[in-house]
Amino acid sequence: MDFDLNGKRALVTGSSSGIGAGIVETLAAEGVSVVVHGRNAERAEAVADRIRADGGTAATAVGDLATEDGAAQVADTAAAAFSGIDILVNNAGGSSETGIQSWFALPVSEWGVTYQRNVMSAGYLIHALVPAMKESGWGRIIQIASAAGIIPTSGQPDYGPSKAAMINMSMGLSKALAGTGITVNTVMPGMIMTEGLRDFLRTFADHRGWGDDLDKAADYILKGTGQTVHRIGQVSDVAYAVAFLASPRADFLNGINLHLDGGATQSIY
């Protein structure tokens with residue numbers, strides 16, 4: 001299917017590795033001029049180089065989105081690269097760097113750090129880039145949330161709630177931009193095979209005496225998740241979903257939260 005994206009311009013935050021890299025490479029393959037973002041210039045340029053080697057068009061923007069000044073710099077660099085941005089994918093985020101996963105061991109002050117990385121960073125870029133989208137009469141904002149946003153755990157007082165806030169803000173923003181030609185949607189990935197998940201599976205397998213049998217570890221975990229699709233999600237699953245939502249062909253989808261979790265969320269939505 002032709003997503004009719006040729007000639008569009010996109011900024012994908014946190015795209016120097018992982019899910020973000022998969023998204024930015026897929027958009028580039030669809031003819032989108034893409035801006036690769038990260039906090040490390042070398043890693044961002046490596047992704048941009050791969051895109052160019054495959055015949056795509058790419059630039060880079062480096063900066064910390066958790067500060068207003070850093071986000072403004074990234075937005076300005078991205079917009080200048082191709083004289084504007086049509087598609088904003090807010091993928092960058094994460095938790096505070098303490099590594100603590102406990103309601104009472106993690107200081108409340110650290111909750112704000114996580115909120116800043118996930119919610120405020122997205123808000124800064126939305127404020128910076130949406131006015132030009134409104135002037136052109138077309139745009140796409142796609143937020144990458146997490147299943148943690150609707151499935152609370154006992155060990156995440158910061159990350160899950162911040163992702164829930166992203167889901168909520170997407171719906172509100174879709175209403176605020178009614179009739180402008182801009183749609184706002186959320187993609188909520190479940191268990192996706194990233195380097196972080198591979199590391200977790202290696203540790204899980206090793207602790208159970210399974211050596212480096214990641215398939216056995218994955219199979220064991222999947223049986224307890226409630227997924228109705230018995231496989232780990234791939235980065236490409238997220239990337240294809242984002243490409244569709246970014247497409248002009250998806251203009252009747254607005255304010256949705258796409259559960260991309262292999263059926264793990266056992267609820268009507």
Side-chain angles (χ1 to χ4, degrees), residues 1 3 12 14-15 17-27 29-30 47 50 89-95 99 101-102 118 142-164 166-168 170-171 185-247 249-250 253 255-269:
M1 177 180 179
F3 286 155
V12 181
S15 51
S17 64
I19 289 174
I23 292 171
V24 80
E25 289 171 355
T26 297
L27 289 175
E30 292 293 329
V47 175
R50 287 202 303 269
V89 182
N90 281 317
N91 169 72
S95 301
Q101 291 197 356
S102 165
N118 292 296
I142 301 165
Q143 314 259 63
I144 307 301
S146 166
I150 65 168
I151 306 174
T153 71
S154 62
Q156 290 184 320
D158 56 336
Y159 182 73
S162 73
K163 289 299 187 180
M166 288 188 76
I167 296 167
N168 188 293
S170 295
M171 172 63 83
N185 294 297
T186 305
V187 175
M188 191 187 75
M191 194 159 43
I192 304 296
M193 188 59 82
T194 60
E195 278 307 309
L197 181 58
R198 286 190 185 91
D199 289 342
F200 170 77
L201 292 174
R202 287 188 191 100
T203 301
F204 190 89
D206 183 61
H207 285 175
R208 282 155 183 78
W210 299 339
D212 59 356
D213 193 342
L214 301 193
D215 289 339
K216 187 171 183 177
D219 183 68
Y220 183 92
I221 290 170
L222 281 170
K223 287 176 180 175
T225 63
Q227 275 192 208
T228 52
V229 178
H230 195 77
R231 70 170 174 85
I232 301 289
Q234 299 299 312
V235 168
S236 59
D237 293 319
V238 183
Y240 292 141
V242 170
F244 175 64
L245 290 174
S247 167
R249 300 184 186 279
L253 293 174
I256 71 165
N257 177 27
L258 179 62
H259 293 211
L260 198 71
D261 60 4
T265 306
Q266 301 294 307
S267 61
I268 297 172
Y269 53 88

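Worth knowing before you read on, the calculation uses all heavy atoms, side chains too, and leaves out hydrogens, waters and symmetry mates.
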Quiz item: Just wondering, do Gln101 and Thr153 contact through their side chains at under 4.5 Å, heavy atoms?
Solution: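 Heavy-atom side-chain distance check fails, nothing below 4.5 Å.
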Quiz prompt | Close side-chain approach of Ser15 to Val47, heavy-atom, < 4.5 Å | solution =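 No; the side chains remain at least 4.5 Å from each other.
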So, for [X] and [Y], which heavy atoms are closest and what is the spacing to 0.1 Å?
X	Y	answer
Thr26	Ala239	OG1-CB, 3.3 Å
Leu253	Leu245	CD1-CD2, 3.9 Å
Met166	Asn90	CE-O, 4.0 Å
Ser170	Gln143	OG-CG, 2.9 Å
Ala243	Leu27	CA-CD2, 3.9 Å
Lys163	Ser146	CG-CB, 3.9 Å

Quiz item: Is any side-chain N of the basic residue among Lys216 and Asp219 closer than 4.0 Å to the acidic one's carboxylate O?
Solution: no
Quiz item: Counting only heavy atoms not in Phe204, do more than 12 sit closer than 6.0 Å to its CZ atom?
Solution: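 Count over threshold, so yes.
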Exercise. For atom CG of Asp212, decide whether the heavy atoms of other residues, nucleotides or ligands shown that lie under 6.0 angstrom number more than 12.
Key: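 For Asp212, atom CG is not crowded (no more than 12 foreign heavy atoms under 6.0 Å).
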What distance separates [X] [atom1] from [Y] [atom2], expressed to the nearest 0.5 Å?
X	Y	atom1	atom2	value
Glu30	Tyr240	CD	OH	8.5 Å
Ile221	Leu201	CD1	CG	5.0 Å
Met171	Asn185	CE	CG	9.0 Å
Met188	Thr265	CE	OG1	4.0 Å
His230	Leu222	NE2	CG	5.0 Å
Met193	Ile19	CE	CD1	12.0 Å

Self-check item: Identified side-chain contact (heavy atoms from CB on, under 4.5 Å) counterpart of Val12 within the set Ile23, Ile142, Ile144
Solution: Ile23
Strictly distance-based, threshold 3.5 Å: is any side-chain N or O of [X] a donor or acceptor partner for the main-chain N or O of [Y]?
X	Y	answer
Asp206	Gly211	no
Asn118	Gly94	yes
Asp237	Gln234	yes

Exercise. Under the side-chain contact (heavy atoms from CB on, under 4.5 Å) rule, what do Phe200 and Leu197 come out as? Steps first, then yes or no, please.
Key: CA-CA 5 Å; Phe200 170 77; Leu197 181 58; 4.1 Å; yes
